[in-house]
Amino acid sequence: NAGVTQTPKFQVLKTGQSMTLQCAQDMNHEYMSWYRQDPGMGLRLIHYSVGAGITDQGEVPNGYNVSRSTTEDFPLRLLSAAPSQTSVYFCATIQGAEDNSPLHFGNGTRLTVT
Amino acid sequence: GNSVTQMEGPVTLSEEAFLTINCTYTATGYPSLFWYVQYPGEGLQLLLKATKADDKGSNKGFEATYRKETTSFHLEKGSVQVSDSAVYFCALSDRNSGGYQKVTFGIGTKLQVIP
């Protein structure tokens with residue numbers, strides 16, 4: 001039982017490049033989300049999904065796209081990377097979209113944009 | 001909107017010292033409250049939670065009590081160990097306008113425990 005798996009662990013991009021951060025879960029959780037972690041700002045929600053085919057914006061969605069074609073996967077796409085997107089990105093899941101169960105986190109992807 | 005306030009730290013303590021990390025919140029509804037811990041190079045993991053007023057969450061010697069009257073959820077431990085060195089996040093969970101869970105995090109408090 002792997003839980004929440006994020007790949008890659010580290011990535012360096014040049015400004016303007018695109019990439020996809022992968023997130024996969026094997027817990028059959030309905031709710032999946034992406035956060036970014038920046039010093040002094042805690043964790044901020046980028047996008048979330050309450051089930052396959054359903055996504056919505058969080059607090060800081062600009063510059064990021066998501067899709068949810070399966071229950072298991074929730075990739076985060078950066079179409080044109082900017083230095084302001086240098087951050088640590090976490091995928092997190094909850095068993096039910098409407099309950100108050102805790103979040104389950106992956107180990108993060110550290111992204112540097114030069 | 002909802003918010004969570006905690007000091008950033010770092011908080012530096014000697015081994016076996018008493019720990020308190022303060023957390024206060026503002027929320028329009030009746031949130032659930034959480035403490036998460038993040039060890040170096042890892043994601044956050046749940047430390048403890050409380051879902052209603054006066055509930056006490058506890059785990060691994062850590063405790064926090066949901067105080068609605070003071071809108072607080074302070075984290076305490078009687079005797080810290082070097083292995084407790086980590087970043088601690090206070091968080092609240094409420095419902096957004098669509099009825100789905102919305103989690104708001106504090107900025108995280110770094111704890112360093114020295115032998």
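Any value given below was found using the heavy atoms of this structure, including those in side chains, with hydrogens, waters and symmetry copies removed.
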If the contact rule is any heavy atom under 4.5 Å from chain A, which residues of residues 30-38 of chain B qualify, in numerical order? B:Ser32, B:Phe34, B:Tyr36, B:Gln38
A:Leu45 versus chain B, heavy atoms under 4.5 Å apart: side chain, backbone, both or neither? neither
Co-membership, hydrophobic cluster, residues B:Val87 and B:Leu48, 4.5 Å side-chain: no
Would a 4.5 Å heavy-atom cut-off, applied to side chains only, mark B:Leu44 and A:Tyr35 as touching? no
If you look at every heavy atom in B:Gln101 and A:Ile94, which pair is closest and at what distance? NE2-CD1, 3.3 Å
May I have the list of side-chain donor-acceptor pairs in residues 77-84 of chain B shorter than 3.5 Å, sequence neighbours left out?
from, atom 1, to, atom 2, distance (Å)
B:Lys77, NZ, B:Asp84, OD1, 3.2
B:Lys77, NZ, B:Asp84, OD2, 2.7
B:Asp84, OD2, B:Gln81, N, 2.8

Is any residue of residues 105-114 of chain A within less than 4.5 Å of chain B by heavy atoms, and which ones? A:Phe105, A:Gly106, A:Asn107
For B:Lys49 and A:Pro102, which heavy atoms make the closest approach, and how far apart are they? NZ-CD, 4.1 Å
Where A:Gln37 and B:Phe89 come nearest, the two heavy atoms and their spacing: NE2-CZ, 3.2 Å
Transitive ILVMFWY side-chain link B:Leu75 to B:Val11, under 4.5 Å: yes
Quick one: which residues of residues 51-74 of chain B reach chain A at under 4.5 angstrom, heavy atoms only? B:Thr51
Test side chain to side chain contact (heavy atoms under 4.5 Å, CB included) on B:Tyr100 and A:Ile54 and set out the steps. CA-CA 12 Å; B:Tyr100 301 116; A:Ile54 307 169; 5.6 Å; no
Tell me whether the count of non-hydrogen atoms from other residues, nucleotides or ligands lying under 6.0 Å of CD in B:Gln112 goes above 12. yes
Report yes or no: do A:Val66 and A:Ile46 belong to one cluster of Ile/Leu/Val/Met/Phe/Trp/Tyr joined by side chain heavy-atom distances under 4.5 Å? yes
Do A:Phe74 and A:Val60 land in one hydrophobic cluster if side-chain heavy atoms of ILVMFWY residues count as linked below 4.5 Å? yes
Honestly curious: do A:Tyr48 and B:Phe105 fall in one hydrophobic cluster under the side-chain, below-4.5 Å linking rule? yes
Would you mind checking which part of B:Glu42 comes under 4.5 Å of any heavy atom in chain A, side chain (CB onward), backbone (N, CA, C, O), both or neither? both
